[in-house]
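Notes for the one structure printed next.
Chain identifiers are assigned alphabetically (A, B, ...) following the order of the sequence lines, protein sequences preceding nucleic acid strands; residue numbering begins at 1 within each chain.
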Amino acid sequence: MKKRLIVTPDLCIGCRTCEISCAFAHAREPGRPGQSRVRVYPRGEQAGMPVLCLQCEEAACMAVCPVGALVRNEATGAVEYLPQRCIHCKACVAACPFGNIAYEEATDHMIKCDLCGGDPTCARFCPSSALTFADSDAEANLARRRKRVTAA
Amino acid sequence: MFMIINGNEVKAAPGQTIMEAARAAGIVIPGLCHHPGLEPYGGCRLCMVEITKPGWKGEGSLVTSCNYEAEDGLVVDTRSKKTLASRREVLALLLARVPDSEVIRDLAAKFGVKETPYKKREDADLCIMCTICTRSCEAVGAFAITTQGRGGDKEVAPPLADTSACVGCLACARNCPTGAIPFEDGPLAMTVWDRTFEKMRCTVCGKPTIPRAMAEHFAKKAGLPVEYFQVCDACHKRQTAEAFAKVLY
């Protein structure tokens, strides 16, 4: 089975490390969380709710794109954006029911999560293992425990 | 599959064009009518390259690299005398067609073409007939513009001056290499082909999004509920967070 980016909101401490690590990995201006592909919404006082692309099986963005600029990477399972093919109609931004693809005015391109090509930076940096990249929930739990041990 | 481009071995996948293989290998071939998302057209004639095959006798032949499929063992020269002569000729013709275009002037200067021996077109606009606009419109599925007229009178316009098929996505104007299609993407409305499309407002926050005609067209074409298009991306994302939180806690 393909690895998935597993989000466990229970563990999110709302630190937004994912936002900044994504911004360093991807953003036009590195380190600007505003250009990040993941966003943490506040949930109560000390917790967060990370929202990022779900890589839908029947993705609305892929269905609506008239030129095939959004394609499934079979190796990672991610829906990837190919800027060179894009004709900038912004239909994908309007179509995504989860708001996970955005238009960037400065570059005239769309930005969306591409799972970093198979090794998501956000999951690597998440200190509380709310974001993990694993085969299954069981393995995600294992990774979590390992991380906790090394942290202590 | 391997080709020889400018003396270097270049890998090509079956079905790839010479231009795609060359660009993937970092070899620059100029092209104005080429857009990787659209069907190759071979109209601007700028991407001409000289090809020969092992065993060919006599001269190489000039082909448009944007729609010539790669073949195993093909020998391609993107800088041969013949190629450059043809490219300069095309640029000289383009300079006469669109004397006011900065894009064309810069491109011509790159190949050493500063002046054109041809008579410059009077009342010239910026259109070079690359048809990226009409092909974009076709891809979008609106079929709102097309080329009409013949020869020197050929132009891109809505058929029979009827703009009703336009959905206001602005793909034609945004992708035009010379900026020949006037458009305006204002905060509240978009204007193209003399038609103004008022933007819909996000049903949650009221932020202007895309024209209603565009939302309806894309929803129908992709088989998606039109409600998807009525909320802006920021509100959608916040709603996602709220929905998950509600389900989980």
With a sphere of 6.0 Å drawn around [atom1] of [X], does it hold more than 12 non-hydrogen atoms of other residues, nucleotides or ligands?
X	atom1	answer
B:Glu198	CD	no
A:Glu29	CD	yes
B:Glu39	CD	no
B:Asp194	CG	no
B:Glu102	CD	no
A:Arg16	CZ	yes
A:Arg32	CZ	no

Please report the closest heavy-atom contact between [X] and [Y], naming both atoms and the distance.
X	Y	result
A:Arg43	B:Ala245	CD-CB, 4.2 Å
A:Pro97	B:Tyr228	CG-CE2, 3.6 Å
A:Ala95	B:Leu224	CB-CD1, 4.0 Å

Non-neighbouring partners of A:Arg28 that pass side-chain contact (heavy atoms from CB on, under 4.5 Å), sequence neighbours left out: A:Gln35, A:Glu104, A:Ala106, A:Thr107
Most contacts with chain A, counted as non-hydrogen pairs under 4.5 angstrom, among B:Met214, B:Glu242, B:Glu138, B:Arg174: B:Arg174
Minimum side-chain heavy-atom gap B:Lys237-A:Phe98 below 4.5 Å: no
Chain B contact residues among residues 78-93 of chain A, heavy-atom distance under 4.5 Å: A:Gln84, A:Arg85, A:Cys86, A:Ile87, A:His88, A:Cys89, A:Lys90, A:Ala91, A:Val93
Straight-line distance of A:Tyr41 OH to B:Thr240 OG1, nearest 0.5 Å: 7.5 Å
Heavy-atom pairs under 4.5 Å with chain B, option from A:Cys65, A:Pro50, A:Cys96 with the top count: A:Cys96
Among A:Asp10, A:Asn100, A:Ile101, residue most engaged with chain B (heavy-atom pairs, under 4.5 Å): A:Asp10
Under 4.5 Å from any heavy atom of chain A, what part of [X] do you find: side chain, backbone, both or neither?
X	answer
B:Thr209	neither
B:Ala215	neither
B:Ile210	side chain

Toward chain B, the part of A:Ala69 with a non-hydrogen atom under 4.5 Å: neither
